[in-house]
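Counting begins at 1 with the first residue of the sequence.
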Amino acid sequence: QHVYPALYSYLQPYRFKISFLDSYFQEYKYQKVVNKISPEFMEIVDEQAEKREFNLLLSARSEKLDAVPKEGTIVYFMDAMGVEYLSYIMDECRKRRLMAYATLCHCELPSITHFNKEFVDTFIEGGADFVPDKNGIRSLDDLKHHGEDEFDFRNNELPTYISRELEIIEETVDKIATKLMSGTYKRAVMISDHGASRLSVISKRENKWEMSSKGEHSGRCCPVTDIDEQPSCSTEENGFWVLANYDRFKGGRPANVEVHGGATLEEVVVPIIEIVYSPNEIEIHLLDKKVKF
């Protein structure tokens with residue numbers, strides 16, 4: 001809390017109002033930081049690969065967009081920002097007197113940008129503006145895909161890149177605070193296309209299935225073909241077989257930092273965060289002074 005407040009804030013529990021998600025993401029964050037996967041957590045991941053309960057627990061992102069106001073809104077499309085950062089984002093907002101409200105949903109599979117951009121047109125048609133443009137802020141996604149020499153898993157297996165992830169989010173919340181305090185916009189929305197998984201990278205698990213078409217997105221998914229057998233730990237969506245555990249299809253190049261394209265909870269659960277500037281004083285008035293019971 002005193003030596004590294006940003007990391008302390010990241011590791012704080014976030015209440016998802018779904019107890020299973022509370023425990024899952026708290027464990028996920030801890031294991032991402034200590035760079036190890038416990039056998040108990042791996043069992044949960046393998047179990048969810050069969051059950052895929054996120055379909056029952058959460059609505060699709062497209063179902064939640066209508067409730068978000070578009071007029072007077074500025075949108076920060078954060079490529080590859082999963083819900084693991086919510087406790088940190090909420091803390092950064094509080095420091096800047098910003099009020100934030102998060103809606104949870106799940107993205108489409110495979111968890112790649114190509115299948116998860118439906119919200120862009122929805123916001124543009126409603127009159128919202130994007131920063132810097134509709135292609136979004138790619139800093140997080142670029143870091144997770146490519147990293148830098150000192151962050152590349154082949155050169156350094158320690159998760160030192162987390163510090164840069166938190167800096168990117170802090171810089172974005174800073175910009176949001178400046179925009180909202182200027183009064184040009186009523187609200188800001190941070191929204192993501194998909195999340196990403198660090199634990200899939202450090203597990204180093206390549207499964208036994210060698211498909212006729214090679215694994216894509218570091219082996220997290222592969223195109224469906226008639227001559228292959230679908231693995232039980234995968235789901236079929238949009239013409240792909242998508243892995244829901246920490247495996248990698250043979251032929252897929254191992255990821256450098258983090259990976260997405262699969263169907264684990266950290267890749268699939270995404271936030272829509274509405275942010276407004278909090279005034280110094282809040283006055284509350286009754287609309288009708290004659291209150292009837």
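Across all non-hydrogen atoms, the minimal contact from Pro110 to Asn238 is CD-CB, 4.3 Å. Nearest heavy-atom pair, Glu258 versus Ala196, reported as atom, atom and distance to 0.1 Å: OE1-CB, 3.4 Å. What you find for Ala263 and Val242 is that their closest heavy atoms are N-CG1, 3.7 Å.
Side-chain contact between Val131 and Ile176 is absent, with no heavy atoms from C-beta onward closer than 4.5 Å. Side-chain contact between Tyr14 and Val83: absent, with no pair of heavy atoms (C-beta onward) separated by less than 4.5 Å.
Side-chain contact of Tyr185 with Asp129: a donor-acceptor pair under 3.5 Å is present, judged by distance alone. If you check the side chains of Tyr85 and Glu165, you find a donor sitting under 3.5 Å from an acceptor. For Ser197 and Glu266, the side-chain atoms include at least one donor-acceptor pair closer than 3.5 Å.
A search for side chain to side chain contact (heavy atoms under 4.5 Å, CB included) contacts involving Asp22 returns Arg15, Phe16, not counting sequence neighbours. Lys290 pairs by the salt bridge (Lys or Arg N to Asp or Glu O under 4.0 Å) definition with nothing, not counting sequence neighbours. With sequence neighbours left out, the side chain to side chain contact (heavy atoms under 4.5 Å, CB included) criterion links Met181 to Ala177, Tyr277. For Lys64, the side chain to side chain contact (heavy atoms under 4.5 Å, CB included) partners are Ser59, Thr103, Cys105, Ile272, not counting sequence neighbours. Residues forming a ring-ring contact (aromatic ring centres under 6.0 Å, His included) with Phe41 (at least two apart in sequence, or on another chain): Tyr24. With sequence neighbours left out, Asp174 forms a side-chain hydrogen bond (donor to acceptor under 3.5 Å, both in side chains) with Arg96. Thr113 pairs by the side chain to side chain contact (heavy atoms under 4.5 Å, CB included) definition with Phe77, Asp79, Lys117, Asp193, His194, not counting sequence neighbours. Here Ser87 pairs with Lys29 under the side-chain hydrogen bond (donor to acceptor under 3.5 Å, both in side chains) rule; sequence neighbours left out. Scanning for side-chain hydrogen bond (donor to acceptor under 3.5 Å, both in side chains) contacts around Ser111 gives an empty result, with sequence neighbours left out.
When hydrophobic residues (I, L, V, M, F, W, Y) are linked wherever their side-chain heavy atoms come within less than 4.5 Å, Val3 remains an isolated member. Other residues sharing the hydrophobic cluster of Tyr8, ordered by chain and number and joined by side-chain separations under 4.5 Å: none, the residue standing alone.
Under the 4.0 Å criterion applied to side-chain N and carboxylate O atoms, Lys32 and Glu27 are not assigned as salt-bridge partners. Between Arg220 and Glu267, at least one side-chain N (NZ, or NE/NH1/NH2) sits under 4.0 Å from a carboxylate O, which counts as a salt bridge. Taking the charged nitrogens against the carboxylate oxygens, Lys204 and Glu157 do have a contact shorter than 4.0 Å, which makes a salt bridge. A salt bridge is absent between Asp141 and Lys144: the closest approach of a Lys/Arg side-chain nitrogen to an acidic carboxylate oxygen does not fall below 4.0 angstrom.
From Glu92, atom CD reaches atom NZ of Lys95 across 4.0 Å, with rounding to the nearest 0.5 Å. Note: Cys233 SG to Arg52 CZ = 8.5 Å, rounded to the nearest 0.5 Å. Taking CE of Met90 as the start and CG of Leu98 as the end, the distance is 11.0 Å to the nearest 0.5 Å. Rounding to the nearest 0.5 angstrom, the gap separating the CG atom in Leu243 from the OG atom in Ser234 is 6.0 Å. Ile202 contributes atom CD1, which lies 10.5 Å from atom CG of Leu158 (distance to the nearest 0.5 angstrom). Put simply, CZ on Phe249 and SG on Cys222 are 4.0 Å apart, with the number rounded to the nearest 0.5 Å.
Between the side chain of Thr122 and the backbone N or O of Glu118 there is at least one donor-acceptor pair closer than 3.5 Å. Distance alone, capped at 3.5 Å, places no donor-acceptor pair between the Asp91 side chain and the Ser9 backbone.
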Distance-only donor-acceptor pairs under 3.5 Å for side chains of residues 69-76, two or more places apart:
unit_1, atom_1, unit_2, atom_2, d
Lys70, NZ, Leu65, O, 2.8
Lys70, NZ, Val68, O, 2.6
Thr73, OG1, Pro69, O, 2.9
Thr73, OG1, Lys70, O, 3.4
Thr73, OG1, Arg187, NH1, 3.0

Verify side-chain hydrogen bond (donor to acceptor under 3.5 Å, both in side chains) between Glu84 and Tyr10, making sure each step is shown before the conclusion. CA-CA 8 Å; Glu84 67 184 90; Tyr10 169 77; 2.6 Å; yes

